[in-house]
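Structure, as structure tokens:
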There are 2 protein chains.
Amino acid sequence: MDLRRLRYFVAVAEARSLGKAAERLRMAQPPLSVQIRKLEAEIGAPLFHRGTRGMDLTEAGQALLARASEAMALAADGVEAARAVAAGKRGRLSVGYMFVLANAMLPRLIPELRRSVPGVDLEFAELSASTREARLLDRSVTVALCMPAINHPEIQVARIGAQPFMLAMPIRSPLARLAAVPMARLQGRPLIALPPPEQDPASSAVAALLRRHQVVMPIMSRVETVHSAMSLVLAGEGLAILPACARLGAPRGIVFRPLRDATDSLDIAVCWRRDSHSPLIGTFLKCAEKAVARM
Amino acid sequence: MDLRRLRYFVAVAEARSLGKAAERLRMAQPPLSVQIRKLEAEIGAPLFHRGTRGMDLTEAGQALLARASEAMALAADGVEAARAVAAGKRGRLSVGYMFVLANAMLPRLIPELRRSVPGVDLEFAELSASTREARLLDRSVTVALCMPAINHPEIQVARIGAQPFMLAMPIRSPLARLAAVPMARLQGRPLIALPPPEQDPASSAVAALLRRHQVVMPIMSRVETVHSAMSLVLAGEGLAILPACARLGAPRGIVFRPLRDATDSLDIAVCWRRDSHSPLIGTFLKCAEKAVARM
DNA sequence: GCCAACCCATACGTTTTCGGTATGCCAATG
DNA sequence: CATTGGCATACCGAAAACGTATGGGTTGGC
């Protein structure tokens, strides 16, 4: 079954004449006649009554006509939809984000996205440091808001901002009375740490910070997520060194203080598969930059 | 936009591999690769991610896939529907009938038709002697139950029965007391006649009958339909010579009596366009014959 | 009643497109 | 480093489609 034949068939049915239809199709009349006869041979029944005044649909032809025009419309629509998706006017964008960034960025990002790409289905998924690479690589998320960036040959990264480290502690901690905490005051205090560097690069930034200031903090617990870290801080298990934006998701009872003399920061980055060429990624990047600028 | 390309596209999308899809399509892998690339060129965007492990749909590809499979199904369905109509398993059959036959035949014919061709939409239209030819020729009815048959080079006729003439009169008429009315008793009595022979061939049969028996009946009124004829008979305007089956549609107050020595009859026939080859016509003919046999 | 106009069907040569075979390139694997 | 698996490219033969020329039938006008 060839769609070209159906196109010819519909044209002849509408023009009720081979000659008129051929003219509209910008072709000669004889090949059109041949194509119609081939179509009839394929179906096994005549589709037109041939009179001296032109061609007239048989009942079988009428039955075919309805479906044929629908099928053509659907095929054309499919092509159009594919083009629209490729152009970023329609489609689906699955956004992964790490918890630390959720409260600071999403309220600014999501409205901006909806305005920029109406007609695109948006999905959001919270990512953990351990799974974010896999989710990008298997395409279950299209882009990821990461902190810090992912380092992987297949994954492309755009740095859109940075956040300084702050100290998270219970409100009753004696250090909470200081406006800014000198690094030296951390010496010997228990630390709630994230997974080791090979699993979460944020840890290595924290480790480097402590090492540079020659501060040693015993690691009391390792937790998977920033969320858990704050829960343990609240429970009095220790202190945590977290990017500033984490404080927006912190429960009551936890306070954040700047670290004096520590200029270290953690990058905020948008990450995506190097072979994803959707224009939605570019649009997303712009929206994310705007959201960061207003943080 | 070619349906073959869409078929190939769907096959590759399902097999997630050019090689596998080529095998299923009974063709070699290289031409399939070419066709997919041509489709992508036509759309203007890649439809697959080419990895080392096979082909994977892009979002644009997914958008196309949904429509493409629907379009293919619709096209196939259209072909199937056209075949079914051509085979008489589906479609529409518009049945024209003349009023004289309605009460005698339709109650037997319609259930038989519904049993024989389930899935076919049936339509019924009452025909007058003056329009029945035109309705067949412009295809607004597919077959016509006629009495007598139509005589026209474009129209084919199958005689399926005959009905003797009877005399229709008011129940109070003195002739109504006879079990059968001799032709001679009609001499001079007023006749309610149908339209003249060139408009309604039934008239010429009646005229021939009277001529052969050398009976003259003055024509009081000409009416268009058997229906009207009976109304005038009931009103005492005159007598009518009608086929026997007309009595089934007669109002109370009219009686029918056989005409002694008159063996004339009027044919019942099924008529259709000579160029209508629908198998539904053959089926209809069988049903009509059955219905006549049980009259 | 004949001729012109119209419309569809057939025939044949040309061009385009498609499919098959051979081969190359790349990455993953052992 | 060689092998394997998968897609892409090149080239050739085959099939399909298109255009031109032409035939046959009917309608309508002179």
Side-chain angles (χ1 to χ4, degrees), chain A residues 1-43 45-58 61 72 134 137-138 152-155 273-275 277, chain B residues 1-43 45-58 60-61 75 137-138 152-155 273-275 277:
Chain A
M1 183 72 283
D2 187 349
L3 206 55
R4 183 197 310 139
R5 293 229 176 96
L6 289 185
R7 248 185 60 224
Y8 291 175
F9 166 72
V10 171
V12 173
E14 284 175 356
R16 305 167 64 90
S17 147
L18 276 180
K20 304 282 172 57
E23 199 174 341
R24 279 184 45 186
L25 292 168
R26 309 287 181 92
M27 65 186 292
Q29 170 263 321
L32 185 56
S33 169
V34 171
Q35 292 303 322
I36 296 295
R37 296 201 89 84
K38 282 188 181 174
L39 181 60
E40 289 178 321
E42 185 179 339
I43 289 182
L47 298 169
F48 292 97
H49 297 287
R50 270 94 167 160
T52 62
R53 282 262 153 260
M55 314 267 286
D56 208 3
L57 279 175
T58 61
M72 284 172 47
L137 291 175
D138 73 5
H152 187 283
E154 275 300 304
I155 291 176
R273 271 186 77 120
R274 200 172 287 280
D275 64 359
H277 298 298
Chain B
M1 183 70 284
D2 187 349
L3 206 55
R4 184 197 310 139
R5 294 230 175 95
L6 290 185
R7 248 184 60 224
Y8 291 174
F9 166 72
V10 171
V12 173
E14 285 175 355
R16 306 167 62 92
S17 148
L18 278 180
K20 304 282 172 58
E23 200 174 340
R24 277 184 46 185
L25 292 167
R26 311 284 182 92
M27 66 186 292
Q29 169 263 321
L32 185 55
S33 169
V34 171
Q35 292 303 323
I36 296 295
R37 295 201 90 84
K38 283 189 180 172
L39 181 60
E40 289 177 321
E42 185 179 339
I43 289 182
L47 299 169
F48 292 96
H49 297 287
R50 270 91 167 160
T52 63
R53 284 263 155 260
M55 314 267 285
D56 208 3
L57 280 175
T58 61
L137 291 175
D138 73 5
H152 188 283
E154 276 299 302
I155 291 176
R273 268 187 79 122
R274 201 172 287 281
D275 65 358
H277 298 297

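- Counting non-hydrogen atoms under 4.0 angstrom, A:Tyr8 reaches the backbone sugars and phosphates but no base.
- Set against D:dA17, C:dA9, D:dA8, the side chain of A:Arg4 has D:dA17 as its closest nucleotide.
- Annotation: A:Glu23, atom CD; neighbour count of heavy atoms from other residues, nucleotides and ligands within 6.0 Å does not exceed 12.
- Distance CG (A:Asp56) to P (C:dC8): 11 Å, rounded to an integer number of Å.
- An OP1 or OP2 oxygen of D:dG6 is reached within less than 4.0 angstrom by no side-chain nitrogen or oxygen of B:Thr52.
- Residue A:Gly54 is classed as a sugar-phosphate contact, given heavy-atom separations below 4.0 Å to backbone atoms only.
- Checking the phosphate oxygens (OP1, OP2) of D:dA8, a side-chain nitrogen or oxygen of B:Ser33 falls inside 4.0 Å.
- Between A:Gln35 and D:dA17 there is a side-chain polar atom (N or O) within less than 4.0 angstrom of OP1 or OP2.
- Within a 6.0 Å sphere centred on CZ of A:Arg16, heavy atoms belonging to other residues, nucleotides or ligands number 12 at most.
- One interatomic measurement links the two molecules: CG of A:Asp2 to P of D:dA16, which rounds to 11 Å at whole-angstrom precision.
- Relative to the side chain of B:Val34, the nucleotides D:dA8, C:dC18, D:dT9 differ in distance, and D:dT9 lies closest.
- Residues A:Met1 and B:Arg7 fail the side-chain proximity criterion, which asks for heavy atoms closer than 4.5 Å.
- The phosphate of D:dG6 has neither OP1 nor OP2 within less than 4.0 Å of any side-chain N or O from B:Arg50.
- Of the two residues contacting DNA chain C, namely B:Lys38 and B:Pro30, the nearest-nucleotide position lying further toward the 5' end is that of B:Lys38.
- Of the candidate nucleotides C:dC8, C:dT21, C:dC18, C:dT21 has the atom nearest to the side chain of B:Pro31.
- You'll find that the side chain of A:Ala28 is closest to D:dT20, out of D:dT20, D:dA17, D:dC7.
- When each of A:Arg53 and B:Gly51 is assigned the nucleotide of DNA chain D bearing its nearest heavy atom, the one mapping closer to the 5' terminus is B:Gly51.
- If you take CG of A:Leu32 and P of D:dA17, they are 12 Å apart, rounded to a whole angstrom.
- A salt bridge is defined here as a Lys NZ or Arg NE, NH1 or NH2 lying under 4.0 Å from an Asp or Glu carboxylate O, and A:Lys20 with A:Glu14 fails to meet this definition.
- Residue B:Arg5 is in sugar-phosphate contact alone, with no base atom involved, counting any heavy-atom pair closer than 4.0 Å across all strands shown.
- Considering only the side chain of A:Gln29, C:dC8 comes nearest among C:dC7, C:dC8, D:dA8.
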